[in-house]
Amino acid sequence: MGDCDDLLHELADFLHGELDAERTQHLRAHLEDCPPCFETADFQAQLRQVLAKRCREEVPADFKARVTAMLQVPADPS
Amino acid sequence: MADQEQFAEQAMEHMPALYAAALRMTRNRADAEDLVQDAYLRAYRGFGGFQQGTNLKAWLFRILTNAYINTYRAKQRRPQESELEDVEDLYLYHRLPAVEAATRGRSAESDVLERITDEEVKAAIEDLPEQYRLPVYLADVEGFAYKEIAEMLDIPIGTVMSRLHRGRKGLEKRLHDFVVDQHLISSSPENG
């Protein structure tokens, strides 16, 4: 299945929205017809979400205050 | 100074993203704070050159990335430019059956992903050699377009794509190894 190989090779670029309209349409059509590829794509899409979700950080309050002061944000009038 | 007052207002909302990125770049809090502070100062001074209506976050990330490459990393005297072992496509996905079997069916595919902790994802990213770590972080954590990443890192878009291709696989291998450790699965190197 040449289509499957093509799809898997370009899957990450596809999920990132980096393929041109023609390739995007081609891969989307294939995904609709090919359950194994659809599952693969679904997993990779979830993986990407996990990456983004798991990398958040709390900015230390004192650091944030320091930068804010550095930028001379007008003081609260109170 | 209307411009610069505006700057603080608009730019501070991006600090969590910049700080998280700086932590993954420098791998420690003190350096990450220095780097972010440096980037904000540069951005503040250069805000006149920022075109209102364009992407402020991408502009700030470009400054951060530049500050990291030109200042922070330059001080480090050639850090580890280690190569990344090349592994097969979809490294993690192809090993899910083994993971599921070893946990006696308790891990559906999505459960495997849910079990990966924040600390494991962060460590997996930080383990990547820098030339892969930055593109992967900027693309897959921050969601920047390849073209934006090429501009930030000042490398051709084809280079961004090849580093992403390899870096993503390397990241999946690390995540897989964490999952394996969690479940004490014996992996068989022969079967790859």
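Worth saying up front: this structure is predicted, and the values here are computed from it rather than measured. Proteins get letters first, then strands, A, B, ... in listed order; numbering begins at 1 in each.
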Legend entry - Sidechain N-carboxylate O distance under 4.0 Å for A:Arg23, A:Glu10: yes
Inset, instruction - Could you tell me which portion of B:Ala124 (side chain, backbone, both or neither) has an atom closer than 4.5 angstrom to a non-hydrogen atom of chain A? - result: neither
Inset, instruction - Quick one: list whatever passes ring-ring contact (aromatic ring centres under 6.0 Å, His included) with B:His14, sequence neighbours left out. - result: none
Legend entry - Residues B:Tyr68 and B:Glu130: side-chain donor-acceptor under 3.5 angstrom: yes
Using distance only, find each side-chain donor-acceptor pair of residues 11-19 of chain A under 3.5 Å and give its atom names and separation, not counting sequence neighbours.
unit_1, atom_1, unit_2, atom_2, d
A:Asp13, OD1, B:Tyr146, OH, 2.6
A:His16, ND1, A:Arg48, NH2, 2.9
A:His16, NE2, B:Phe144, O, 2.7
A:Glu18, OE2, B:Tyr146, N, 2.7

Inset, instruction - Check each atom of B:Leu41 against the heavy atoms of chain A and say whether the ones under 4.5 Å are side chain, backbone, both or neither. - result: both
Inset, instruction - For A:Phe63, enumerate each residue passing the ring-ring contact (aromatic ring centres under 6.0 Å, His included) test, keeping only those at least two apart in sequence or located in another chain. - result: B:Tyr19
Legend entry - Residue part contacting chain A, namely of B:Ile125, when any heavy atom lies under 4.5 Å: side chain
Inset, instruction - Would you mind checking which part of B:Glu142 comes under 4.5 Å of any heavy atom in chain A, side chain (CB onward), backbone (N, CA, C, O), both or neither? - result: neither
Inset, instruction - Give a yes or no on whether a salt bridge exists between A:Glu58 and A:Lys64, defined as a side-chain N under 4.0 angstrom from a carboxylate O. - result: no
Legend entry - Region of A:Gln49 that comes under 4.5 Å of a non-hydrogen atom in chain B: neither
Legend entry - B:Asp89 portion near chain A, given a 4.5 angstrom heavy-atom threshold: side chain
Inset, instruction - Sort out for me which of A:Leu8, A:Thr40, A:Leu47, A:Val50 touches chain B most, counting heavy-atom pairs under 4.5 Å. - result: A:Thr40
Inset, instruction - Identify which part of A:Arg66 has an atom lying under 4.5 Å from any heavy atom of chain B, answering side chain, backbone, both or neither. - result: side chain
Inset, instruction - Could you tell me whether B:Arg24 and B:Glu126 make a salt bridge, using a distance below 4.0 angstrom between a side-chain N and a carboxylate O? - result: yes
Legend entry - Reported CZ-to-CD distance for the pair A:Arg54 and B:Glu119, which is rounded to 0.5 angstrom: 11.0 Å
Legend entry - Neighbourhood of chain A inside residues 47-66 of chain B, taking heavy atoms under 4.5 Å as contact: none
Inset, instruction - If the plane angle is over 60° it's perpendicular, under 30° parallel, otherwise tilted; pick one for A:His9 and B:His165. - result: tilted
Inset, instruction - State, yes or no, whether a side-chain contact exists between A:Val59 and B:Leu18 at a heavy-atom distance under 4.5 Å. - result: no
